[in-house]
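Down below is the structure, laid out as structure tokens.
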2 protein chains.
Amino acid sequence: MSRIEKPADSETARNPLRAGKPTLKTIAELTGFAITTVSRALGNAPQISESTRRRVHEVAAEIGYLPDRAAQRLKTGRTNVISVLLDPHEEILGFGTSIMHGLARALQATPYHLIVTPNFLDGSNVDAVNYIIRNGMADGLIFSRTEPFDPRVRLLLENGFPFVTHGRTEFSTPHAFVDYDNFAFAYEATKRLIVKGRRKVTIILPPKRLTFCQHMLHGFMTAVREAGVAYEIPEALDLDSPADMIRDYMRRRSTEPDAPDGYTCPGEVSALATITGMSDNGLSLGVEYDIVAKQTSRLLSQIQPKVETIYEDLKAAGEGMGSLLLQRIAGEPVEGLTILQSPQFSFPTP
Amino acid sequence: MSRIEKPADSETARNPLRAGKPTLKTIAELTGFAITTVSRALGNAPQISESTRRRVHEVAAEIGYLPDRAAQRLKTGRTNVISVLLDPHEEILGFGTSIMHGLARALQATPYHLIVTPNFLDGSNVDAVNYIIRNGMADGLIFSRTEPFDPRVRLLLENGFPFVTHGRTEFSTPHAFVDYDNFAFAYEATKRLIVKGRRKVTIILPPKRLTFCQHMLHGFMTAVREAGVAYEIPEALDLDSPADMIRDYMRRRSTEPDAPDGYTCPGEVSALATITGMSDNGLSLGVEYDIVAKQTSRLLSQIQPKVETIYEDLKAAGEGMGSLLLQRIAGEPVEGLTILQSPQFSFPTP
DNA sequence: CACAGAATTTAAAACGTTTTCGATGCATCG
DNA sequence: CGATGCATCGAAAACGTTTTAAATTCTGTG
């Protein structure tokens with residue numbers, strides 16, 4: 001039972017915060033076992049006897065041992081990091097943070113950390129993806145707003161790198177994704193407008209290059225055809241258009257002949273902009289026209305309850321992406337690893 | 001010039017992604033220098049001759065060498081990580097992501113990564129802070145919504161851990177912060193209402209426990225006293241109140257006698273909610289009443305240009321916090337490390 | 001031309017893990 | 001009683017970097 005062998009205080013002096021941080025060696029000395037044994041015991045390896053396993057865990061808990069992430073990462077090559085590619089378009093209405101909260105919840109009891117890699121470069125963030133793959137900066141990747149043949153997805157598939165997207169693609173090779181059923185949303189929303197007796201419907205679509213634009217269009221058109229109702233699609237506008245542009249468009253269009261009276265708005269901002277544009281013209285919601293909107297927060301219906309809304313639960317989406325990614329990293333086959341969220345008719349429980 | 005010495009392919013087979021990753025050793029072999037020399041040359045150590053320094057950098061760039069973060073972290077004890085504490089209240093209107101984009105921009109050319117630690121626990125996230133300090137999970141910390149005697153700040157000060165807050169405190173020990181001049185905002189906003197001829201002003205304040213609530217109140221009261229105008233402060237409401245609560249309050253209050261006609265709204269949501277509440281009662285903005293609001297995005301003025309707005313540049317705030325934190329980590333004295341953002345009268349350039 | 005001293009380079013240890021390969025003890029079996 | 005198998009445990013190497021201490025080369029000088 002030798003106690004003190006070397007001075008061993010130089011480190012303490014240099015970096016006070018790292019000072020007494022317990023390591024495997026600490027536990028080894030305290031229990032009398034070898035470092036190997038301690039490591040195995042904490043890893044619940046099979047060849048360790050139940051009694052020493054318990055003893056080691058006990059001591060570890062007592063002194064508040066936590067494995068050093070850097071050492072683990074260096075040794076094993078696994079980073080225990082999941083990277084989120086932040087899109088500049090997600091700045092509005094808490095898209096980014098909702099998903100992140102969900103992700104964080106999924107990773108809560110795991111050793112994984114969440115690191116955000118914002119996109120500084122051009123439209124798509126292939127460079128960031130490439131960087132992460134090449135330099136092993138993460139064990140898995142998460143991003144959103146996919147295109148049918150998204151170059152990021154292609155790159156990741158080619159390299160066999162684990163990832164989950166928010167949104168589908170049209171690659172023949174399957175991959176893990178979480179997506180909202182935007183077909184169902186557009187279909188349902190448009191049908192509601194028709195049921196309300198609206199004679200001509202319209203929809204603000206996402207940018208054409210994004211996969212879910214097609215889904216929405218399809219849902220919208222299906223409802224239109226089933227009912228045989230009139231419709232139009234504003235070509236000059238999309239969901240990413242600035243709110244004032246949408247507002248001005250709506251104001252102008254509603255003065256022209258043959259204006260729509262039923263609006264499907266796939267986002268809070270577009271709905272608010274539409275309402276303002278119309279009311280600038282003296283038209284009021286629920287009287288001359290109706291809106292069914294997609295909500296990701298409570299904001300819109302709290303402010304303007306006359307808007308009919310259908311919810312998308314982004315926190316659940318994040319949580320789903322996290323859990324799918326964990327399964328991918330664990331090596332599970334990609335086959336079942338997809339989630340299609342159904343439109344919700346009441347606000348999701350946080 | 002020996003070429004192949006050992007098989008050296010076992011790793012390649014096991015982890016294909018880590019395969020040919022160049023290390024210091026690779027460069028050492030390629031240049032003929034020792035690993036030490038290569039390390040020093042890349043670190044631009046003074047004792048290395050200019051010629052070898054250039055040669056090493058050249059080869060490093062050529063083979064795309066990047067230092068292994070795990071090894072650096074293990075050796076030096078520095079994590080090269082900056083942690084952001086995500087607050088659940090920041091879910092709305094891109095607060096979180098704007099700040100994060102700013103932060104990321106400040107850290108762009110540095111080795112620092114941004115990792116988000118969401119707050120799952122009770123109101124304040126002291127536990128998360130404690131965890132990060134104790135286990136050396138980051139080199140610096142960033143968080144927002146400070147209280148006058150914020151327990152997180154206290155903990156960090158006690159441990160000498162580098163951090164920057166968004167918002168001030170009232171500790172006697174100084175610390176780095178970025179804050180918006182909410183006194184100036186409230187003062188200016190309220191004065192504008194008075195200049196417009198409004199007879200009775202009011203303001204929706206932040207939760208009382210937050211430092212900037214006092215600043216706003218002070219700015220508001222200063223303007224009120226200077227002009228000798230009537231005022232009231234809704235006690236049942238704060239900035240964190242759900243939008244429908246604010247809307248309902250405004251609707252009710254505006255029917256009662258002696259209702260205010262000038263509103264200072266320190267947020268987009270509260271402004272929208274106020275507008276809706278008032279218009280539910282047939283009162284219209286710019287006619288029976290006015291609003292001056294704080295905007296952090298373009299949304300509000302795009303939707304409703306009749307709202308007078310004053311901007312807060314959150315991306316710049318993030319960028320400021322990042323650069324202050326870097327200086328703190330580099331050991332600079334805390335004295336000058338504070339930024340007080342002035343209210344902006346036009347939308348900040350992204 | 002030897003030599004101090006500066007300038008440059010290097011070998012080796014260390015950071016805290018995981019993992020490979022053995023070692024040890026002990027009961028069982030021929 | 002020696003050999004065998006099994007259940008546990010341990011010594012040492014390795015991951016890629018930084019750093020300490022020492023070795024080597026180069027310079028000018030006496």
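Protein chains get the first letters and strands the later ones, always in sequence-line order, with residue 1 at the start of each. Keep in mind that what you see is a predicted model, and the values were worked out from it rather than measured.
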Need one value for [X]: base, sugar-phosphate or nothing, where a base atom within 4.0 Å counts as base even if backbone is also close, heavy atoms only.
X     : value
A/Q72 : sugar-phosphate
A/T23 : sugar-phosphate
A/T36 : base
A/S49 : sugar-phosphate
B/A71 : base

In whole angstroms, how far is the [atom2] atom of [N] from the [atom1] atom of [X]?
X     : N      : atom1 : atom2 : result
A/I27 : C/dG16 : CD1   : C1'   : 12 Å
B/N80 : D/dG16 : CG    : P     : 18 Å
B/K25 : C/dA12 : NZ    : P     : 14 Å
B/R73 : D/dT19 : CZ    : C1'   : 20 Å
B/R69 : D/dG16 : CZ    : P     : 16 Å

*Ring centre gap for B/H175 and B/F163 strictly below 6.0 Å*: yes
*Counting only N and O atoms by type, is there a donor-acceptor contact under 3.5 Å from the side chain of B/N159 to the main-chain atoms of B/L155?*
yes
Test item: side-chain donor near acceptor, [X] and [Y], under 3.5 Å:
X      : Y      : result
A/N125 : A/R152 : yes
A/N44  : A/R53  : yes
B/T117 : B/S83  : yes

_Any B/T52 side-chain N or O less than 4.0 Å from OP1/OP2 of C/dT8_ = no
_Please determine whether a side-chain nitrogen or oxygen atom of B/T76 lies at a distance below 4.0 Å from atom OP1 or OP2 of D/dT18._
no
Can you tell me which nucleotide in [options] comes closest to the side chain of [X]?
X     : options                : answer
B/L74 : D/dT17, C/dC15, D/dC9  : C/dC15
A/Q47 : D/dC15, D/dT17, D/dT8  : D/dT8
B/F33 : C/dT17, D/dT18, C/dT10 : C/dT10
A/L24 : C/dT9, D/dT17, C/dT18  : C/dT18
A/R40 : C/dT10, D/dT17, C/dC21 : C/dC21

_Quick check on DNA chain C: between A/Y65 and B/I48, whose nearest nucleotide comes earlier from the 5' end?_
B/I48
